[in-house]
Protein chains: 2
Amino acid sequence: MNTTIKEIARKANVSLGTVDRVIHDRGKVAKKTKDKILKILEETGYKPNIYARGLVLNKSYTIAALIPDYNKGDYWELPSLGLNSAAQHLSQYNIKLEYFHFDQNNPDCFKEKSHVLLRSNPDGVIIAPVVNFEASYLCKKLNHLKIPFSFIDSKMEETEYMSFIGQDSFQSGKLAAKLINSLVYEKGKILIISIRNNSEFNKTLQKRIEGFNYFFEELDSAQKLEIEEFSIDQNISNWDKELKEILKSRNASGVYVPSSTVYHVARIIEDSQLKIKLVGNDLIKKNIQYIASGIIDYVIGQRPEQQGYLAFDNFYKYLITGQKVTRDNYLPLDIVTKENLYYYK
Amino acid sequence: MNTTIKEIARKANVSLGTVDRVIHDRGKVAKKTKDKILKILEETGYKPNIYARGLVLNKSYTIAALIPDYNKGDYWELPSLGLNSAAQHLSQYNIKLEYFHFDQNNPDCFKEKSHVLLRSNPDGVIIAPVVNFEASYLCKKLNHLKIPFSFIDSKMEETEYMSFIGQDSFQSGKLAAKLINSLVYEKGKILIISIRNNSEFNKTLQKRIEGFNYFFEELDSAQKLEIEEFSIDQNISNWDKELKEILKSRNASGVYVPSSTVYHVARIIEDSQLKIKLVGNDLIKKNIQYIASGIIDYVIGQRPEQQGYLAFDNFYKYLITGQKVTRDNYLPLDIVTKENLYYYK
DNA sequence: TTGTAGGCGTTATCAA
DNA sequence: TTGATAACGCCTACAA
């Protein structure tokens, strides 16, 4: 049994109200009585009963999530699953989730949705800062309104975010390089193929490629492999054909696709029966079948569902239980392959 | 705002007491009124307010954990860390953890601790069923006393456990085989070395080895590798010397140690500057340094801290929030290597 | 500056 | 078979 305000009051020979005033530092209390109460509080290690507290406050919180729009099977479906799951688990605590989806290819859309979000006056905001400049403006606004916000997937260093949940992209690329290197037995040519579905500069992609190259730069020159880099924009017509052409002509032993779109390469490898080792990112549905069949050799996962779950859970912790929240949360780089695929699904 | 009993009562034109009787299925309620109330309950999707519930019940729960004794840095330290962490997070809900440690090498000790545990009359029990026969007796007792219990690390199929949290050992072995296979470039001799610190038959170890062998049996005969199996008992004097002898004489290209004791092999490989690829299990402290230096090429992790956390959290869910609990929880087989080590620590 | 009372939603008890 | 009510611990508003 924990100590209650009642007991504290009795011990200090004052009323409940006075103890309450001391605990919450509100209103006038004589210095003498205040000190006396503080001492007892300290001694007894008073902790408020969260049930009673939750019951009387009965506050309802809304967390707004500003994340990219997606089709079924896309990467951004996964963080949403995690967010939903957390929201459901914590629904009994009167904390709920509201989505504001934006089109990744359209910065104006992000801007517009930011405004709608702000008008809804949420108690916390989860942001996927895919459109950097516009996000920066939003963060300033939120800061001014004293609304706490978190980043998911990637972060903007210069802002006062409450927490970040994501992965280390540079290291992800390095790891991919190691895996490819072991697959091609340290000989042969390697291709890095970026397949983007938006024309924007993408920090995550860039960092993964840097990490990938870094790994090979660090190797002895004897073990070095030839590496060629390609970039495919899915908004260009015939991108599919171009991709096929590259894969068929370059005589590569391994390919790295630094994004979830690796399934496109897998499809071509399967159709054309090429003997190319393949490493990519993210455990999305479209990749899973190719991992199961062994065409994609390894995928590096970043636990997107957990990212979503944690992002929401952090607000529960912060707003409701009053716990401290870890600011930077780097999730593990999971190596997923045929043999352990099942346990990651 | 969620629906309350009050509202339900008003809608059904009955009193709070009657609604309460229906919800908890206690006491006499006319069939007609009962059906009416059930219908409204259904329609409104009534969920009890956990704060009010917690406040009035003000129950205190104790979860007993019966797990092996350990020294700092041993495997069993890790599940304990997770258990402690969960217990701390949930302490405000009046649920606490009590340990009953036993000596893995001594079935009598397990038996004795079981009795002490039962006498403490816990509200839930977490068991590491390392000593099978004795555990079976305990489970029957708990069943009879209607005390729910969970397994951690491995389970006993034939009992009525509430939940199990662990990994798939067979698949773990298979995965290890795949990694070794890629490391030795599909040629060379492979050793499986079991290093046990107790003389008992160990199900987990056995299953891993089966999985490992299975992987190679499935390969084309052209790719098959020669595999030799050894078993070292740490209770025998000179086991260290024997191990060294094996490693030096067999001209192996790869070694698999199906347990957390892989660091012993790593030490010898480092000291004797052998060129042997090495795969083992578990991210314990003694292994971490060898992963960081690349002497252990891969370790397969089973998230022991999370196992501990989940085991405790499941009791919180079950006893306090009344949620349903997933019965079998297989955690992912994490592949850990130099490049992603940091994010698993 | 301090004390008191009412209420949050649920449970349990007692009276009708 | 049903209804009314006190209690859990905390917070807030108002009275003293």
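Predicted model, so just to flag it, every value in this text is computed and none were measured. A note on names: the letters A, B, ... follow the listed sequences, proteins ahead of strands, and every chain is numbered from 1.
- Rounded to an integer number of Å, the gap from B:Tyr46 OH to C:dG9 P is 10 Å.
- In this structure, CZ of A:Arg10 is placed 14 Å from P of D:dC10, rounded to the nearest angstrom.
- A cation-pi arrangement is present between B:Arg327 and B:Tyr161 under the rule of less than 6.0 angstrom and at most 45 degrees off the ring axis.
- With rounding to whole Å, A:Leu55 atom CG is found 9 Å from D:dG9 atom C1'.
- Separating the CG atom of B:Leu16 from the P atom of D:dA6 is a distance of 13 Å, rounded to the nearest angstrom.
- At the heavy-atom level, A:Ile5 lies under 4.0 Å from the strands shown only through sugar-phosphate atoms.
- Between the NZ atom of B:Lys28 and the C1' atom of D:dG3 there is a distance of 18 Å, given to the nearest Å.
- Comparing A:Tyr51 and A:Arg21, the nucleotide of DNA chain D nearest to each residue sits closer to the 5' end for A:Tyr51.
- B:Phe151 has its side chain within reach of B:Cys139: a pair of non-hydrogen atoms, C-beta onward, lies under 4.5 Å apart.
- Rounding to whole angstrom units, CD1 of residue A:Ile37 and C1' of C:dT1 are separated by 12 Å.
- B:Thr33 has no side-chain polar atom (N or O) that falls below the 4.0 Å cut-off from OP1 or OP2 of D:dT1.
- In terms of phosphate contacts, A:Ser15 brings no side-chain nitrogen or oxygen within less than 4.0 Å of OP1 or OP2 of C:dT4.
- Taking only side-chain nitrogens and oxygens, A:Arg53 never comes nearer than 4.0 Å to OP1 or OP2 of D:dG9.
- A donor-acceptor distance shorter than 3.5 angstrom exists from the side chain of A:His89 to the backbone of A:Ser85, with no hydrogens or angles considered.
- Between the P atom of D:dC8 and the CD1 atom of B:Ile50 lies a distance of 20 Å, rounded to the nearest Å.
- Residue order along DNA chain D, read from the 5' end via each residue's closest nucleotide, puts B:Lys34 first among B:Lys34 and B:Ala52.
- The closest donor-acceptor contact from the side chain of A:Asp123 to the backbone of A:Thr62 lies under 3.5 Å.
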